[in-house]
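Computed from heavy atoms alone, side chains included, the values below leave out hydrogens, waters and symmetry copies. Everything quoted here is computed from the prediction, not taken from an experiment.
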Amino acid sequence: MIHNDVLRSVRYMLDVSDARIADIVQLTGYQVDKADIIAFLKKDEEAGYRDCSDEVMAHFLDGLVIHKRGRDESRPLPPVQLPVYNNLVLKRLRVAFELKDDDILAIMESVGFPVSKSELSAFFRKEDQRNYRRCGDQFLRHFLKGLTQRLRP
């Protein structure tokens, strides 16, 4: 899924300003301007639109975890994982919002996109594991929609 779409979805889900999105990214020590965030949040056909890079998205997702759950001062920040695939987005959102498998299954059921527990666990496995499966755009889109409905009924 396009990183800009994920950024827009999470911004709407949390009901935060562009400046707050920049603050979330900066929680990881990565510097980004508010003007860059505004360009990332524009629609494809709008003037000034820019693609959100893997690096910015990785820092945003890690910053979101810190924003929602707090920073563990006893440990240093882990290095960002690149490239950013849908599986990583799903993992970070799961951690940030403290979702269990049953929560995710209920979210997917609520948007009419039911999945089995084994299908779901395949998304959270390591890439070199035999039962690993790439998370598709459609699944992530439905998950973001369901999570938004859950947080902003």
Roughly how far apart are [X] [atom1] and [Y] [atom2], rounded to 0.5 Å?
{"X": "Asn87", "Y": "Arg125", "atom1": "CG", "atom2": "CZ", "result": "12.0 Å"}
{"X": "Leu147", "Y": "Met108", "atom1": "CG", "atom2": "CE", "result": "11.0 Å"}
{"X": "Cys52", "Y": "Asp36", "atom1": "SG", "atom2": "CG", "result": "9.5 Å"}
{"X": "His67", "Y": "Asp62", "atom1": "NE2", "atom2": "CG", "result": "14.5 Å"}

Indicate the atoms forming the closest heavy-atom contact of [X] with [Y], along with that distance.
{"X": "Ala39", "Y": "Gly48", "answer": "CB-O, 3.3 Å"}
{"X": "Ala58", "Y": "Val80", "answer": "CB-CB, 3.9 Å"}
{"X": "Gly146", "Y": "Ser110", "answer": "CA-OG, 4.5 Å"}

(request) Considering only Ile, Leu, Val, Met, Phe, Trp and Tyr, and joining two whenever side-chain heavy atoms are under 4.5 Å apart, list the other residues clustered with Leu77. (result)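 Leu27, Ile66, listed by chain and number.
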
(request) Report the hydrophobic cluster partners of Tyr49, with the cluster defined as I, L, V, M, F, W, Y residues connected by side-chain heavy atoms closer than 4.5 angstrom, directly or transitively. (result)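 Once heavy-atom contacts under 4.5 Å are chained together, Tyr49 belongs with Ile2.
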
(request) Name all residues meeting the ring pair (Phe, Tyr, Trp, His ring centres under 6.0 Å) criterion together with Phe97; count only those two or more places apart in sequence or in a different chain, and write none if there are none. (result)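 Counting only residues at least two positions away or on another chain, Phe97 forms no ring pair (Phe, Tyr, Trp, His ring centres under 6.0 Å).
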
(message) Applying ring pair (Phe, Tyr, Trp, His ring centres under 6.0 Å), can you list everything that pairs with Tyr30, at least two apart in sequence or on another chain?
(response)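 Ring pair (Phe, Tyr, Trp, His ring centres under 6.0 Å) check on Tyr30 returns His59.
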
Does any non-hydrogen side-chain atom of [Y] lie less than 4.5 Å from one of [X]?
{"X": "Lys126", "Y": "Tyr132", "answer": "no"}
{"X": "Phe60", "Y": "His3", "answer": "no"}
{"X": "Arg94", "Y": "Asp101", "answer": "yes"}
{"X": "Val10", "Y": "Leu61", "answer": "no"}
{"X": "Val16", "Y": "Asp23", "answer": "no"}
{"X": "Leu120", "Y": "Ile104", "answer": "yes"}

(request) Go through the steps for Val32 and Ile21 under the test side-chain contact (heavy atoms from CB on, under 4.5 Å), then give the verdict. (result) CA-CA 10 Å; Val32 65; Ile21 294 290; over 6 Å; no

Restricting to salt bridge (Lys or Arg N to Asp or Glu O under 4.0 Å), what partner residues turn up for [X], sequence neighbours left out?
{"X": "Asp137", "value": "none"}
{"X": "Lys117", "value": "Asp102"}
{"X": "Glu109", "value": "none"}
{"X": "Asp103", "value": "Arg150"}

Closer than 3.5 angstrom, by distance alone: can the side chain of [X] be matched with the main-chain N or O of [Y] as a donor-acceptor pair?
{"X": "Asn4", "Y": "Lys42", "answer": "no"}
{"X": "Lys34", "Y": "Asp18", "answer": "no"}
{"X": "Arg8", "Y": "Leu41", "answer": "yes"}
{"X": "Asn86", "Y": "Met1", "answer": "yes"}

(request) Please lay out, stage by stage, how Val111 and Phe143 fare under the test side-chain contact (heavy atoms from CB on, under 4.5 Å). (result) CA-CA 8 Å; Val111 292; Phe143 174 73; over 6 Å; no

(message) Using the rule given for side-chain contact (heavy atoms from CB on, under 4.5 Å), can you reason through Arg92 versus Gln81, listing the C-alpha separation, both sets of side-chain angles and the distance that settles it, and then say yes or no?
(response) CA-CA 11 Å; Arg92 292 293 186 263; Gln81 291 181 333; 3.5 Å; yes

Is there a path of hydrophobic side-chain contacts, each under 4.5 Å between heavy atoms, that joins [X] and [Y]?
{"X": "Val89", "Y": "Leu14", "result": "yes"}
{"X": "Leu105", "Y": "Val95", "result": "no"}
{"X": "Ile38", "Y": "Val6", "result": "no"}
{"X": "Leu82", "Y": "Val56", "result": "yes"}

(message) Taking side chain to side chain donor-acceptor pair (under 3.5 Å) as the cut-off, I'd like each qualifying pair that reaches into residues 70-79, sequence neighbours left out, listed once.
(response)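 For residues 70-79, and leaving out neighbouring residues, the side chain to side chain donor-acceptor pair (under 3.5 Å) pairs sorted by first residue read Asp72-Ser74, Asp72-Arg75.
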
(message) Apply salt bridge (Lys or Arg N to Asp or Glu O under 4.0 Å) to residues Arg20 and Asp15 and explain how you reach the verdict.
(response) CA-CA 10 Å; Arg20 189 68 189 129; Asp15 193 23; over 6 Å; no

(message) Strictly by salt bridge (Lys or Arg N to Asp or Glu O under 4.0 Å), give each pair with a member in residues 138-148 just once, sequence neighbours left out.
(response)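 For residues 138-148: none.
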
(message) Applying side-chain contact (heavy atoms from CB on, under 4.5 Å) to Leu93 and Leu99, what does each step give before you reach the verdict?
(response) CA-CA 8 Å; Leu93 291 174; Leu99 299 172; 5.8 Å; no

(request) Can you sort out the partners of Ala96 under side chain to side chain contact (heavy atoms under 4.5 Å, CB included), two or more places apart, ordered by chain and number? (result)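 Per chain and number, Ala96 pairs via side chain to side chain contact (heavy atoms under 4.5 Å, CB included) with Leu64, Val65, Lys68.
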
(message) Restricting to side chain to side chain contact (heavy atoms under 4.5 Å, CB included), what partner residues turn up for Pro83, sequence neighbours left out?
(response)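 Pro83: side chain to side chain contact (heavy atoms under 4.5 Å, CB included) contacts with Asp54, Tyr85.
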
(message) Can you classify the ring geometry of Phe139 versus Phe123 as parallel (below 30°), tilted (30 to 60°) or perpendicular (above 60°)?
(response)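 Rings of Phe139 and Phe123: tilted, 30 to 60°.
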
